[in-house]
Amino acid sequence: MREQKYHVYLTADEQSRVIQSLIRLKNELIEQGRYTDAVDDVLCKVVSAKKKQ
């Protein structure tokens, strides 16, 4: 069975806030000495997402 995909449509301001929040979360995880792999994956997807015109 295929994994279900979800699409989230964000404005430029919302996308910026999501990126800032993910970077903040990543920094907190680094301070705690925990892995950041999952946050890195999501951050890459958000940054490389297509822009709706």
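One-based numbering along the sequence shown. Not measured: the values here are computed from a predicted model.
Residues that satisfy the side chain to side chain contact (heavy atoms under 4.5 Å, CB included) test with Ser48, not counting sequence neighbours, are absent from this structure. By the side chain to side chain contact (heavy atoms under 4.5 Å, CB included) test, Ser16 is found to be paired with Gln20, residues two or more places apart in sequence or in another chain being considered. Remark: Ile23 pairs with Ile19, Asn27, Leu43 by the side chain to side chain contact (heavy atoms under 4.5 Å, CB included) rule, at least two apart or across chains.
No continuous path of hydrophobic side-chain contacts links Val18 to Tyr9 [ILVMFWY only; heavy atoms under 4.5 Å]. A continuous path of ILVMFWY side-chain contacts below 4.5 Å connects Val8 to Val46, so both sit in one hydrophobic cluster.
Atom CG of Leu22 is separated from atom CG of Leu29 by 10.5 Å, given to the nearest 0.5 angstrom.
Minimum heavy-atom separation, Val39 to Lys26: CG1-CB, 3.9 Å.
Asp13 has a carboxylate O that lies under 4.0 Å from a charged side-chain N of Arg17, or vice versa, which qualifies the two as a salt bridge.
Under a 3.5 Å cut-off, the side chain of Thr11 and the backbone N or O of Glu14 do form a donor-acceptor pair.
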